[in-house]
Amino acid sequence: MKAKEYAQKYIDNPTDETLYEIAKEMFFEIDIIRKARNAQSNEAMIAIINEQSDKWRKFANIVKNVSINIVKEDGFKNFVLISLPELKNNLK
């Protein structure tokens, strides 16, 4: 799903639950992208996670421009680090 689509989903229902669902969906997209690219190295996985984090930042900026609710730009990175704290120094 694209950042604009996630933004619309959140704008339609601006709750913490919706934000959590979006973060989970983006997290699960990592594996879909990994399989599509046949990515197997750590570097490839980190690149995919960083791409998803870029998408989150884009999503946060769209929401910021049309809603009073603030979505933190580093929210996806922080979400990932809860599950994978060993990536702390590798994510942008």
Side-chain angles (χ1 to χ4, degrees):
M1 196 179 283
K2 295 183 180 221
K4 285 194 294 189
E5 294 167 318
Y6 282 123
Q8 190 59 55
K9 182 175 183 175
Y10 182 71
I11 291 165
D12 291 345
N13 187 18
T15 65
D16 289 342
E17 292 80 20
T18 303
L19 198 57
Y20 178 69
E21 286 302 315
I22 291 169
K24 280 193 335 185
E25 286 178 34
M26 289 180 68
F27 187 78
F28 290 129
E29 281 181 12
I30 293 168
D31 193 48
I32 294 167
I33 296 167
R34 180 194 63 80
K35 288 176 182 173
R37 294 181 185 173
N38 195 27
Q40 297 178 12
S41 69
N42 289 340
E43 293 81 11
M45 286 300 298
I46 290 167
I48 293 168
I49 294 168
N50 282 329
E51 288 172 20
Q52 290 297 93
S53 192
D54 289 343
K55 184 192 304 187
W56 179 274
R57 281 191 287 282
K58 211 177 280 185
F59 154 72
N61 283 321
I62 293 168
V63 170
K64 177 177 68 175
N65 290 329
V66 297
S67 173
I68 60 170
N69 294 326
I70 296 173
V71 175
K72 293 184 179 182
E73 289 188 12
D74 63 351
F76 185 74
K77 175 184 169 183
N78 293 331
F79 184 82
V80 169
L81 290 175
I82 290 169
S83 298
L84 304 166
E86 64 274 13
L87 294 179
K88 183 177 183 182
N89 295 323
N90 297 309
L91 302 181
K92 59 178 177 168

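All values derive from a computational prediction rather than experimental measurement.
Not counting sequence neighbours, Glu5 has no partner by the salt bridge (charged side-chain N to carboxylate O under 4.0 Å, His left out) test. Shown here are the side-chain contact (heavy atoms from CB on, under 4.5 Å) partners of Glu73, two or more places apart in sequence or in another chain: Arg57, Ala60, Asn61, Lys64. The side-chain hydrogen bond (donor to acceptor under 3.5 Å, both in side chains) search around Asn65 returns none, not counting sequence neighbours. Residues satisfying the side-chain contact (heavy atoms from CB on, under 4.5 Å) criterion with Ala44, sequence neighbours excluded, are Ala39, Ser41. Glu43 meets the side-chain hydrogen bond (donor to acceptor under 3.5 Å, both in side chains) test with no other residue; sequence neighbours excluded. Residues forming a side-chain hydrogen bond (donor to acceptor under 3.5 Å, both in side chains) with Asp16 (at least two apart in sequence, or on another chain): none.
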Considering only distance and modelled atom types, tabulate donor-acceptor pairs under 3.5 Å from the side chains of residues 18-34, sequence neighbours left out.
{"unit_1": "Thr18", "atom_1": "OG1", "unit_2": "Asn13", "atom_2": "O", "d": "2.8"}
{"unit_1": "Thr18", "atom_1": "OG1", "unit_2": "Asn13", "atom_2": "ND2", "d": "3.1"}
{"unit_1": "Thr18", "atom_1": "OG1", "unit_2": "Thr15", "atom_2": "OG1", "d": "2.9"}
{"unit_1": "Glu21", "atom_1": "OE2", "unit_2": "Lys24", "atom_2": "NZ", "d": "3.3"}
{"unit_1": "Glu25", "atom_1": "OE1", "unit_2": "Lys9", "atom_2": "NZ", "d": "3.4"}
{"unit_1": "Glu25", "atom_1": "OE2", "unit_2": "Lys9", "atom_2": "NZ", "d": "2.3"}
{"unit_1": "Glu29", "atom_1": "OE1", "unit_2": "Gln52", "atom_2": "NE2", "d": "2.9"}
{"unit_1": "Glu29", "atom_1": "OE1", "unit_2": "Lys55", "atom_2": "NZ", "d": "2.6"}
{"unit_1": "Glu29", "atom_1": "OE2", "unit_2": "Met1", "atom_2": "N", "d": "3.1"}
{"unit_1": "Glu29", "atom_1": "OE2", "unit_2": "Tyr6", "atom_2": "OH", "d": "2.4"}
{"unit_1": "Asp31", "atom_1": "OD1", "unit_2": "Arg34", "atom_2": "NE", "d": "2.9"}
{"unit_1": "Asp31", "atom_1": "OD1", "unit_2": "Arg34", "atom_2": "NH2", "d": "2.9"}
{"unit_1": "Asp31", "atom_1": "OD2", "unit_2": "Lys35", "atom_2": "NZ", "d": "3.2"}

Under 3.5 Å donor-acceptor pairs involving side-chain atoms of residues 83-92, not counting sequence neighbours:
{"unit_1": "Lys92", "atom_1": "NZ", "unit_2": "Asp54", "atom_2": "OD2", "d": "3.1"}

| query | Where do Lys72 and Asn78 land on the side chain to side chain contact (heavy atoms under 4.5 Å, CB included) test, with the steps shown first? | reply | CA-CA 10 Å; Lys72 293 184 179 182; Asn78 293 331; 5.7 Å; no

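Residue pairs meeting the ring pair (Phe, Tyr, Trp, His ring centres under 6.0 Å) criterion with at least one member in residues 35-57, sequence neighbours excluded, are Trp56-Phe59.
When the side chains of ILVMFWY residues are joined at heavy-atom separations under 4.5 Å, either directly or via intervening members, Leu81 and Ile46 end up in a single hydrophobic cluster.
Counting side-chain heavy-atom gaps under 4.5 Å among Ile, Leu, Val, Met, Phe, Trp and Tyr, the cluster of Ile11 also holds Val66.
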